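Notes follow once the structure below has been shown.
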There are 2 protein chains.
Amino acid sequence: MHRLISNIQIKVNENIFLKDPSSSNLGQRIISGGLDLTLEIGFEDLTFKKLAKKIDSTEASIYRYFENKHKLLLYLVNWYWVWTEYRLVFSLANITSPKERLIKAVHILTSPVSDEWKLPHMDTVKLNKIVLSESSKVYLTREVDNENKGGVFSAYKRVVGRVSDIITEINPAYKYPHMLISTAIEGAHHQRFFSEHLPRLTDNVDGEDAVVEFYKDMILKAIV
Amino acid sequence: MHRLISNIQIKVNENIFLKDPSSSNLGQRIISGGLDLTLEIGFEDLTFKKLAKKIDSTEASIYRYFENKHKLLLYLVNWYWVWTEYRLVFSLANITSPKERLIKAVHILTSPVSDEWKLPHMDTVKLNKIVLSESSKVYLTREVDNENKGGVFSAYKRVVGRVSDIITEINPAYKYPHMLISTAIEGAHHQRFFSEHLPRLTDNVDGEDAVVEFYKDMILKAIV
DNA sequence: TAAGTTTGTTAGCAATACTATTATATTTAC
DNA sequence: GTAAATATAATAGTATTGCTAACAAACTTA
């Protein structure tokens, strides 16, 4: 069951790439091979040489699309947030109750991406896995300020802003809506990583997705 | 005003280093130079060659202390958590009210380190700054599971465990104490980074440390 | 079919991430 | 106080990374 019109096009900030990878066969192989290789060996160990080999191309060709591997990750993460904003708006369409909207939004931001959201040119399930463990590396760098000026984080900021607005609608007096939402987003990523690798930092509860339930509970209690 | 006995010794997990840096002059220069250089150029751009130059030593000498720069960061972060556990236990001594204990603990985990906690052989204020932006890189790697087996994250886990225990004392029915605390710790780090670089992801409130207040408020509401 | 564009091929260079060897201090042991 | 042990420095070397450049081949479009 697909929820989305399957020929939607996600428009990634143009400052990220030298040449739009969605515009060519090689570009798409770079992206899908990049997803696979990152999942296989981790982003740290990925090099354009290895990626070139994997997709049967050459280092130099990949460099024509992305300045460096950091930009490739930035592309993936930016794509993710543009797409997540779309999912968010789509999912909240025609729902008027602000509380219901908030709960749906938190669900989208904290639960793993399922197959029903798949798109033809991007394996969103793989992408989501990468975002969990690698996305914070995209902004925790010396280059944040410069990249931020180029607008590469605005999709993420808009997502946080949209959900914060719902909170403000519910309780205009609540002082920390942005902190609450960005805490939940980043936190959910971390918790999913922890539950796999450092379980003493999390809690497991039988029969529920503890991450989603925890953040729903936390947010609803925080804003009253 | 110093709160601590100044000749306390922080014992870092032995799997992290080849040779204990606290045991020699060169070792201590590696650590303090490492702090400075990381703050100057960021951990990504730090190399042992640059660090050697800074402390007037050689690459090969540094390699006798740490296998690679990742281990150096691991050392710093592990040191931080051992020390934070100490601060925590020290600060909660003789306080019996669980709620008061919790509030103090959250304060320690979310506020910036101040001068009063300084120790002779480690610039804890600098260390804290580094932890905010670099510590997650220490576990978001392919090597987590191996390193975790070596016990290098146990100080962090104990800190989370101790504060979770206070929560359980206050409300034994609360299902997510570990998630709540690890969310607050990591979240506070992120929020401090955001407020400097991506302010649209946070909220500023005049006349208060919004990060500390937000997490106190969030936690106290969550556990009732 | 020519011109333009994209990709592949090859080469090369500077920096990184180490390891090894030998020499020179410095510490400690007797 | 000297010998032995140990720590550090100096130098060199290797494989890999992170690029850039130049040209050739293929494929696209006008």
Side-chain angles (χ1 to χ4, degrees), chain A residues 12 14-34 37-38 40-76 121 134 137-138 141-143 146-147, chain B residues 12 14-34 37-38 40-76 121 134 137-138 141-143 146-147:
Chain A
V12 169
E14 301 200 344
N15 295 309
I16 294 174
F17 49 75
L18 299 171
K19 187 174 166 170
D20 187 349
S22 73
S23 71
S24 73
N25 175 275
L26 177 60
Q28 289 165 236
R29 273 153 57 215
I30 292 172
I31 298 306
S32 72
L37 193 54
T38 302
E40 281 165 32
I41 64 172
F43 186 71
E44 309 248 298
D45 291 347
L46 178 148
T47 68
F48 278 179
K49 200 167 196 171
K50 290 178 194 166
L51 178 52
K53 201 175 171 188
K54 188 176 187 78
I55 64 175
D56 249 303
S57 178
T58 63
E59 216 185 342
S61 297
I62 299 178
Y63 273 105
R64 286 193 198 102
Y65 285 82
F66 294 105
E67 266 178 80
N68 50 51
K69 71 170 183 167
H70 178 254
K71 294 283 168 104
L72 169 59
L73 183 59
L74 196 53
Y75 179 92
L76 295 174
H121 289 317
E134 314 285 358
K137 293 170 190 167
V138 126
T141 71
R142 294 269 130 174
E143 283 300 298
N146 273 330
E147 289 174 350
Chain B
V12 169
E14 301 200 346
N15 295 310
I16 295 175
F17 49 74
L18 298 171
K19 186 173 167 171
D20 187 350
S22 73
S23 71
S24 73
N25 176 274
L26 177 59
Q28 288 166 237
R29 274 153 56 216
I30 291 172
I31 298 306
S32 73
L37 193 54
T38 302
E40 281 164 32
I41 65 175
F43 186 71
E44 310 248 298
D45 290 347
L46 178 147
T47 67
F48 278 179
K49 198 168 197 169
K50 290 178 194 165
L51 178 52
K53 200 176 171 188
K54 187 175 189 80
I55 65 174
D56 250 303
S57 178
T58 63
E59 218 185 342
S61 298
I62 299 178
Y63 273 105
R64 280 192 210 99
Y65 285 82
F66 294 104
E67 266 178 79
N68 50 50
K69 72 171 183 165
H70 178 253
K71 294 285 168 104
L72 169 60
L73 183 59
L74 197 52
Y75 179 92
L76 295 174
H121 289 316
E134 314 284 359
K137 293 170 191 169
V138 127
T141 71
R142 294 269 127 173
E143 282 301 297
N146 274 330
E147 287 173 351

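Worth saying up front: this structure is predicted, and the values here are computed from it rather than measured.
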Taking it one step at a time, do B:I31 and B:L72 satisfy side chain to side chain contact (heavy atoms under 4.5 Å, CB included)?
CA-CA 8 Å; B:I31 298 306; B:L72 169 60; 3.9 Å; yes
Generate the contact string for nucleotides 8-19 of chain C. Rules: B means base contact, S means sugar-phosphate contact only, - means no protein heavy atom under 4.0 Å.
BB------SBBB
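Residues satisfying the salt bridge (Lys or Arg N to Asp or Glu O under 4.0 Å) criterion with A:E147, sequence neighbours excluded, are absent altogether. With sequence neighbours left out, B:S57 forms a side-chain hydrogen bond (donor to acceptor under 3.5 Å, both in side chains) with no residue at all. Qualifying side-chain hydrogen bond (donor to acceptor under 3.5 Å, both in side chains) partners for B:S32, counting only residues two or more places apart in sequence or in other chains: none. By the side-chain hydrogen bond (donor to acceptor under 3.5 Å, both in side chains) test, A:E44 is found to be paired with no residue, residues two or more places apart in sequence or in another chain being considered.
The salt bridge (Lys or Arg N to Asp or Glu O under 4.0 Å) analysis of residues 50-69 of chain B, with sequence neighbours excluded, yields the pairs B:E40-B:K54, B:E67-B:K71. Residue pairs satisfying the side chain to side chain donor-acceptor pair (under 3.5 Å) criterion with at least one member in residues 14-26 of chain B, sequence neighbours excluded, are listed as follows: B:N13-B:N15, B:D20-B:S22, B:S24-B:Y65, B:N25-B:R29.
For B:D20 and D:dA7, the CG to P distance is 12 Å, given to the nearest whole Å. What separates CD1 of B:I62 from P of C:dA20 is a distance of 18 Å, to the nearest Å. In this structure, A:L51 atom CG and C:dT7 atom P are separated by 14 Å, rounded to whole Å.
Neither OP1 nor OP2 of C:dT6 sits under 4.0 Å from any side-chain N or O of A:S24. The phosphate of D:dA7 has neither OP1 nor OP2 within less than 4.0 Å of any side-chain N or O from B:Y65. Neither OP1 nor OP2 of D:dT6 sits under 4.0 Å from any side-chain N or O of B:K19.
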Short heteroatom pairs, N/O only, protein and nucleotides 26-29 of chain C, under 3.5 Å:
none

Nucleotide N/O of nucleotides 24-30 of chain D paired with protein N/O under 3.5 Å:
none

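Across all strands, A:F66 comes closer than 4.0 Å to no nucleic acid atom at all (heavy-atom distances).
Looking at every heavy atom in both residues, A:H70 comes nearest to A:V138 through NE2-O, 3.5 Å. Residues B:L51 and B:G33 approach most closely at CD1-C, 3.5 Å, considering heavy atoms. Here the closest heavy-atom approach between residue B:I16 and residue B:F66 is recorded as O-CD2, 4.0 Å.
Counting only heavy atoms from C-beta outward, the side chains of A:L26 and A:I55 approach each other to under 4.5 Å.
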